[in-house]
Protein chains: 2
Amino acid sequence: MASHSFSYGTKADQALGLWVKLARVHALMLRLSARDINRYGLTQPQFAVIESLGHLGPMKMKVLGAKMLVTGGNMTVVVDNLEKAGLVERARCLEDRRATWIRLTEKGDGLFKKIFPQHAECVAGALSVLTAKEAGELSRLLKKFGMGLQEKFPDQLR
Amino acid sequence: MASHSFSYGTKADQALGLWVKLARVHALMLRLSARDINRYGLTQPQFAVIESLGHLGPMKMKVLGAKMLVTGGNMTVVVDNLEKAGLVERARCLEDRRATWIRLTEKGDGLFKKIFPQHAECVAGALSVLTAKEAGELSRLLKKFGMGLQEKFPDQLR
DNA sequence: TAGAGATAGTTTAAGTTTCAATTATACTGG
DNA sequence: CCAGTATAATTGAAACTTAAACTATCTCTA
């Protein structure tokens with residue numbers, strides 16, 4: 001990108017270059033995905049909550065947050081908005097009264113079943129710019145990358 | 001991930017799986033990167049602006065926004081905050097009076113020169129969970145992915 | 001050359017994100 | 001048993017993001 005000015009050693013340069021590419025692809029995919037989701041009146045994080053609950057069943061706020069790599073204070077707002085829309089509901093946890101169960105309402109479950117397959121198609125369409133082999137390889141590398149990060153920086157990643 | 005409940009065809013499933021992995025790695029990297037940047041009193045997007053200006057020199061709001069894949073309305077706020085901090089400044093563009101040049105102040109340039117190399121090291125450290133060969137392959141795939149998306153969905157990507 | 005349409009940047013409103021502080025509850029070692 | 005500590009969720013403040021509306025300016029064409 002920057003064809004001039006600075007260089008901080010091959011390794012650091014490569015690393016930054018890769019990070020930029022990763023961020024760029026992520027931003028592009030996020031935009032495509034969000035546009036699709038918006039058509040159903042949901043935001044990206046709202047959809048992520050519905051998707052998690054739809055696939056894995058009711059779970060506590062904390063688990064939901066961990067699944068989304070999002071800090072706690074945040075889930076409250078997202079769930080608040082979904083609750084206002086009548087798509088999820090909170091229920092007291094009896095064994096641990098600090099905790100709260102979140103689950104889809106009937107309406108939420110209906111929405112999930114309706115829009116999820118369409119959204120999956122949308123993502124698949126985007127991914128079709130890669131061959132199956134490339135997608136497989138990319139998937140493998142991303143998995144190793146993610147696991148490696150979790151392992152190497154357990155503290156800095158909360 | 002979801003070991004049960006739903007399946008929407010191998011292709012869509014794989015696509016979603018890859019998208020989840022990509023989002024996860026991005027979130028992890030973003031967190032590491034942001035923690036590092038915060039030590040210098042900057043947010044991630046503020047740093048991105050300083051980095052662009054530091055590497056490529058003064059540019060207009062629009063170009064800055066495009067470089068960051070961010071909608072226009074947004075740059076205004078980020079630049080506002082950087083201007084308040086005395087790190088960048090606006091200057092009227094004489095040829096086109098709708099446009100504005102953004103450039104680093106002396107203070108902003110000093111900060112850039114000081115923190116950029118350290119941040120590059122931080123990113124390189126994170127990336128070291130992959131071998132050089134893997135990093136090269138990942139970089140290639142991400143590049144192809146990103147270019148492919150831009151080519152296939154020019155409209156949906158603004 | 002005047003008017004129509006495009007463009008650069010700002011503003012506004014709603015949502016998301018993080019961090020830090022707070023509340024309520026649970027756990028645990030002396 | 002109970003004081004100290006840890007945990008689950010919420011709240012509040014500051015920043016970011018988007019989309020849409022708006023202002024000012026430019027450009028192109030009839």
Side-chain angles (χ1 to χ4, degrees), chain A residues 23 26-28 30-50 59-85 87-102 156-158, chain B residues 23 26-28 30-39 41-50 59-85 87-88 90-102 156-158:
Chain A
H26 178 261
L28 291 171
L30 190 61
R31 188 162 294 175
L32 283 177
S33 169
R35 296 276 161 88
D36 183 55
I37 290 168
N38 290 163
R39 297 189 298 138
Y40 309 109
L42 294 175
T43 66
Q44 176 82 34
Q46 287 171 351
F47 178 78
V49 167
I50 290 191
M59 59 186 89
K60 296 175 187 171
M61 290 291 273
K62 173 128 198 216
V63 178
L64 209 44
K67 208 154 275 301
M68 256 163 267
L69 285 177
V70 140
T71 52
N74 198 353
M75 289 311 311
T76 302
V77 187
V78 177
V79 170
D80 279 352
N81 287 325
L82 285 172
E83 200 170 25
K84 272 182 217 153
L87 296 170
V88 309
E89 55 193 4
R90 286 175 162 91
R92 252 301 157 69
C93 172
L94 300 177
E95 308 85 57
D96 183 345
R97 301 198 313 181
R98 295 170 301 182
T100 313
W101 286 100
I102 315 296
Q156 284 125 98
L157 297 170
R158 188 174 15 146
Chain B
H26 178 262
L28 292 170
L30 190 62
R31 188 163 292 174
L32 282 175
S33 169
R35 294 277 160 86
D36 183 55
I37 289 168
N38 291 162
R39 297 189 298 139
L42 293 176
T43 66
Q44 176 82 35
Q46 286 170 352
F47 177 78
V49 167
I50 291 191
M59 59 185 89
K60 296 177 186 170
M61 291 291 272
K62 172 129 198 215
V63 178
L64 208 45
K67 209 154 275 302
M68 254 162 271
L69 282 177
V70 139
T71 51
N74 198 356
M75 288 312 309
T76 301
V77 186
V78 177
V79 170
D80 279 352
N81 286 325
L82 285 172
E83 200 171 25
K84 273 181 215 150
L87 297 170
V88 308
R90 286 175 163 92
R92 252 311 160 64
C93 172
L94 300 178
E95 306 85 56
D96 182 346
R97 302 197 312 182
R98 295 169 301 181
T100 313
W101 286 100
I102 314 296
Q156 283 124 102
L157 297 170
R158 189 173 19 142

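Naming: A, B, ... by sequence-line order, numbering from 1 per chain. All figures in this text were calculated on a predicted structure; none of them were measured in a lab.
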Give me the first and last nucleotide of DNA chain D, going 5' to 3', that has any atom under 4.0 Å from a heavy atom of chain A.
D:dA6 to D:dA19
Spacing between [X] atom [atom1] and [N] atom [atom2], to the nearest angstrom:
X	N	atom1	atom2	result
A:Leu30	C:dT17	CG	P	10 Å
B:Met59	C:dA8	CE	C1'	16 Å
B:Met75	C:dT11	CE	P	14 Å
A:Leu69	C:dT16	CG	C1'	15 Å
A:Leu94	C:dT25	CG	C1'	14 Å
B:Leu64	C:dA8	CG	C1'	13 Å
A:Lys62	C:dT25	NZ	P	18 Å

Listing, residues 73-81 of chain A side-chain donor-acceptor contacts under 3.5 Å, not counting sequence neighbours, or none:
| unit_1 | atom_1 | unit_2 | atom_2 | d |
| --- | --- | --- | --- | --- |
| A:Asp80 | OD1 | A:Arg90 | NH1 | 3.1 |
| A:Asp80 | OD1 | A:Arg90 | NH2 | 3.0 |
| A:Asn81 | OD1 | A:Lys84 | NZ | 3.4 |
| A:Asn81 | ND2 | A:Val77 | O | 3.4 |

Where do [X] and [Y] come nearest, in terms of heavy atoms and distance?
X	Y	value
B:Trp101	B:Lys60	CZ2-CE, 3.7 Å
B:Met59	B:Leu64	SD-CD1, 3.6 Å
B:Met68	B:Val49	CE-CG2, 3.7 Å
B:Leu94	B:Arg97	O-CG, 4.1 Å
A:Gln44	A:Ser33	OE1-OG, 3.1 Å

Could I get the full list of side chain to side chain contact (heavy atoms under 4.5 Å, CB included) partners for A:Thr43, not counting sequence neighbours?
A:Pro45, A:Gln46
Taking A:Arg31 for its side chain and A:His26 for its backbone only, find out whether a donor-acceptor pair lies under 3.5 Å.
no
Under a 3.5 Å distance rule, please check whether B:Arg98 uses its side chain to pair with a backbone N or O of B:Cys93 as donor and acceptor.
no
Reading DNA chain C from 5' onward, which residue's closest nucleotide shows up sooner: A:Gln46 or A:Arg92?
A:Gln46
Let me test you: for the helix from C:dT1-D:dA30 to C:dG30-D:dC1, what is the angle between the axes at its two ends (five pairs each), rounded to 10 degrees?
20°
Any base atoms under 4.0 Å from B:Thr43, or only sugar-phosphate, or nothing? Heavy atoms, all strands.
sugar-phosphate
Looking at every strand, decide which applies to A:Asn74 at a 4.0 Å heavy-atom threshold: base, sugar-phosphate, or nothing.
base
Can you check nucleotides 3-6 of chain C for protein contacts, nitrogen or oxygen pairs under 3.5 Å, and list what you find?
none

Identify, with sequence neighbours excluded, every residue that meets side chain to side chain donor-acceptor pair (under 3.5 Å) alongside A:Asn38.
none
One should read off an interatomic distance between A:Ile37 CD1 and A:Phe47 CZ, to the nearest 0.5 angstrom, of 5.0 Å
When you match A:Asn38 and A:Asp96 each to their closest nucleotide on DNA chain D, which lands nearer the 5' end?
A:Asp96
